[in-house]
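Heads up: the structure comes next, in structure tokens.
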Amino acid sequence: MGLRGPRRRSSLPVGLTLILLGLTAAAATHPGTTGLTSSGVMASVGTTATPPTMGWNSWNSFGCGGLTETLVHETADAMVNGGLLAAGYDTLTLDDCWSAVSRDSSGNLTNDPVKFPSGMKAIGDYIHARGLKYGIYASIGTATCTGGTAGSLDHEYLDVARFASWGVDYIKADRCNADGLVMKDIYARWRDAILASGRSIVLSASDNNPTDEPWAWGPVTARQWRMSPDISDDWTSPPGQPPWKEGMINIFDRNFAHAAATAPGTFNDPDMLEVGNGGMTDTEYRTHFGLWALMSAPLIAGNDVRSMSDATRTILTNPEVIAVDQDALGFQAILAADSGGGLQVWYKPLAASGARAVGLLNRGDAAASITLSWNAIHLAAANATVRDLWARADRGSFANGYSVSVPAHGMALLRVVGTDRPLTHGFLSDQPWTYMANEQGPVERNSSNGGGGAGDGRTLTLNGVPYLRGFGAHAPSAIEFRPNGVCQTFTADVGVDDEVGAFGSVLFQVWGDDQKLYEGGLMTGETATENVNVSIAGVQSLRLQIVAVDSTADDHADWANPRVTCADRPPPNQPPQARFTTTRSLVAPWEIVAFDAESSSDPDGTIVSYMWDFGDGFTANGVIVHHAYVHSGRFSVVLTVVDNRQASAAATSEVTVDVPPIASFSASLKAAPRGVPIRFDGSASIDSDGTIVSYGWDFGDGQTAAGISATHAYAENGTFTVRLTVTDDLGAIDNTAGSIEIGNRAPTILFASPPASFVMALGEVQTFVIVASDIDGDLLTYGWLVDGQSVGGSSSSYEFVGTSVGSHVVRVIVSDGSAEVGFGWTIEVRTQPQPATGRLEPVGGGLFIQVLSASALVALGVIFLIRNSRRRRP
Ligand code: GLA
């Protein structure tokens, strides 16, 4: 506001900069700045949004007594080792009670010598060495709140310089023992002292007294500003709660009332987190954390991170919830719907075409179903996809909205991606916005704000010029439109409406995505109308922001004739690309198959619907779907995706549903000699839902064959694995194996001459002849023995001379190298010959029954040619 009475310029000191803290002094000459305006305020255009602070602070769990050097060391280590730093929590802040009761002899703030014996520079070094930033607490008044140690009033430059010399990166400047001070002026001293220090230090304006309206001056003073009493570790304030404390949900409600003050890089601070401190259930802590993320609030963990539960860690480090908080557009969620009984829908736009973060909050004491409609979050009537950020799971694509059961004190937190209502060439005041937050009543279309409820304004008037079209706002104020890249310029006449006379004091900003495209000078009721003309080429999100600079009183500010120029026709749409994967392409009947289309994409928009045709008469919708086929066969699965401009694309893939065949075979012989043909028969193989179309045999000796049966003779001895592989008519295969033993056959004696034992006369000579055969064709060797003594010889005949009267045994051993057979004669040498007797005597065992084969018959023929050569020795 401006002062009542004679018209005057801004109450901000000349030369102040609106560059927000966290920038170094050097940043005051940012290349994108437009320089000093007539009011002496420097406008910084080209600024890129900074996300809300993330970190840890000692106060909520350790209060005054627990803050020590050891705690800080252990907490820094735990933040690094426990994944908090990796999740984004990078600032470790020492709250009240680090300092000595009094300043040192030079007038400087100094450490409590007992709690911080190494000093505050050493603590900073320890924190920095772990990749963390160093935050410290100070009081803006005469003493700190609880510690009662020295405050910084009238020492701001000295103390900030001292903090800078310790390497401090973040200052929580707390409102303690400061009654009677003008907060916007006191906090401006801190802002300027930081700029003067030359160090990049984030200013957290911890003004815990809402009557100071921190949201009115916070955005031009600090990165973040408190707007409530201290948070307590309760869902809602318990009876008897002191006035300086409030329950979590009460603070959320306070913050909502000033949602428009939060903008990219500057944030309402609903105080530090209580997640993990024990006063609420895990469900309530999820709600607490989710609400803070929806608010784009600083996420300052306040629990003992050295010993947190898995549930607490999971809440604090959920990357998808953190991404909602850190979203580059920096919106604070607003109420989309309230169906009574504490069932509410909160949402904020996110930085992607058609994207919203949505909280379905159940403040009631019993589980309830909450319904979200696309209309309530300013999406066009088209399919939108839903992702559950706590479950970290896609829920599918839905046509009009989404319902879910939410437990008592719970909040479903969703990312919804649908279709923004398109912007077209012309007046913005005739077109739908995607977000609107405003300090007093709604932003009015085509009238001034009036300062009360809806519809209380007058004709928009700037410096005597009436405007039929435009927005009548009240700072802080934020509205968003989604050109989504199809518009080129935004123009408007801006100023404080004539209805407040010379009062009011505001800044107009235009943001394109995360870039500040425009910031005018300070405007009061008597400032000349400013013409805004900025390029918004390529911009997806267009945010019209009005910032209050001292108080919110009389800040009736108008966007008159707000217009966008957009391409007559949007650039040709690029079609989406459909892609999907299946768990398996060959499945059995009734087997559940997942189809996942997450890899589908759209180069210039979003996919708004996923339709599946499974090829068996069934269809489904959703990013990931499941289906079980009943019948065997080959089915073409077709996925059709449709993008936000109704272009579609399809992808096809075949699924074979089949009961696989079962291979089985028998062999005519399980064991056989070499060369013996064995018949293998695969006709016992079955296919229960079709036919077997191929049989493949592998005999294990390098030989193969095809056909329902096959005959094979092995050439070598050994154990062979025979494998039959069958393929059915749908391509499924099975195989089975069995083993075959191939062995040697012993030689056979076919004929012996003389054919039997006999009596011979002394002095006679007898030639013994043996005819043997080997069915395997092995080379035979012969060994002769007389009366057990080897007489050598290796031929098939032996000449015996009856030199001594008596009984003699002549034997021959025929060997094929691995098996032997023998024959023996008993000879009675007498003076008179006697009739003969003989016997066939197997010697050594063969593996197989001897078979008279063709080769043996050939041998028999030879035998008849051998003459009995019994003769008397001459
Ligand atoms: C005030 C602040 C708290 C905390 C204490 C420390 O109450 O609001 O966040 O810093 O002081 O004394």
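Whatever order the structure lists them in is the order used to number ligands and atoms, beginning at 1. This is a predicted model, so every value here is computed, not measured.
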Give a yes or no on whether the backbone of Gly279 and the side-chain of Asp233 come within a donor-acceptor separation of less than 3.5 Å.
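Present.
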Does the plane of the ring in Phe252 sit parallel, tilted or perpendicular to the ring in Trp346? Use 30° and 60° as the thresholds.
perpendicular
Which word best sums up how the rings of His409 and Trp235 line up, parallel for under 30°, tilted for 30 to 60°, or perpendicular for over 60°?
parallel
Please say whether the positively charged group of Arg356, taken as NZ for Lys or CZ for Arg, lies over the ring of Phe331, i.e. under 6.0 angstrom from the six-membered ring centre and within 45 degrees of the axis.
no
Taking only Lys NZ, Arg NE, NH1 and NH2, and the carboxylate oxygens of Asp or Glu, determine whether Arg189 and Asp159 approach each other closer than 4.0 Å.
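Asp159 and Arg189: not salt-bridged.
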Assess the pair Phe163 and Trp166: is the distance between their ring centroids shorter than 6.0 Å?
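Yes, the ring of Phe163 comes within the 6.0 Å limit of the ring of Trp166, centre to centre.
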List by chain and number: which residues place a heavy atom under 4.0 Å from ligand 1?
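Within the 4.0 Å shell of ligand 1, which is judged on heavy atoms, sit Trp59, Asp95, Asp96, Tyr137, Cys145, Thr146, Lys172, Asp174, Asn208, Arg226, Asp230, Met272.
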